[in-house]
Amino acid sequence: GVGAYFTVPTREAHEEAVRAFMAAQTQEQTDAVEQQAPGFSLDGVVDFVTGMVAGQGRYESFYLASKYTVDLPGSAYLECWGGYTIVQCREVDRASQG
C-alpha cells in the first residue's frame with residue numbers, strides 16, 4: 001500500500017495520457033482519411049481537440065489510485081485510471097451505459 005500511495009499518478013500524468021490517447025485515436029482516423037483523399041490532413045483537428053480538453057478534466061485521488069475524466073463532444077467521455085505511475089485511458093459512450 002505504501003508503494004501505491006507514493007506512486008499515484010498526478011493530474012499532469014493523466015493529462016499527458018489523455019493527449020497520447022487522443023493523438024493515437026485521431027491518427028487512426030487521419031490515416032483512413034489520407035488513404036481516401038491523399039494530401040488531406042487532420043493535424044489541425046488533432047491540435048484543436050487536444051487543446052480543447054487541456055485542463056478541462058476532473059482529477060480524483062483515491063490515495064492508492066487516481067481517476068481522471070474528460071468530456072468529449074457528443075455523448076462520449078474519456079475515463080483514465082492510474083496507479084503505480086501507470087495511466088490507462090478508454091473512451092466511454094454515455095448512451096451505452098444508460
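- Inter-residue side-chain proximity for Met22 and Leu72 is flagged as met; some heavy-atom pair is nearer than 4.5 Å.
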Distance-only donor-acceptor pairs under 3.5 Å for side chains of residues 76-85, two or more places apart:
unit_1 : atom_1 : unit_2 : atom_2 : d
Tyr77  : OH     : Gln97  : OE1    : 3.4
Glu79  : OE1    : Arg90  : NE     : 3.2
Glu79  : OE1    : Arg90  : NH2    : 2.9

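- When all heavy atoms of Ser61 and Val8 are compared, the closest pair comes out as OG-CG1, 4.2 Å.
- Looking at residues two or more places apart in sequence or on another chain, you find a side chain to side chain contact (heavy atoms under 4.5 Å, CB included) between Leu64 and Ala4, Tyr5.
- By the side chain to side chain donor-acceptor pair (under 3.5 Å) test, Gln88 is found to be paired with no residue, residues two or more places apart in sequence or in another chain being considered.
- Taking the side chain to side chain donor-acceptor pair (under 3.5 Å) definition, one finds that Thr7 meets it with nothing, sequence neighbours left out.
- Taken from CZ in Arg11 to CD in Glu16, the straight-line distance is 14.0 Å, to the nearest 0.5 Å.
- Residues forming a ring-ring contact (aromatic ring centres under 6.0 Å, His included) with Phe21 (at least two apart in sequence, or on another chain): none.
- The distance from the CD atom of Glu60 to the NE2 atom of His14 is 10.0 Å, given to the nearest 0.5 Å.
- In this structure Thr69 satisfies the side chain to side chain donor-acceptor pair (under 3.5 Å) test with no other residue, sequence neighbours excluded.
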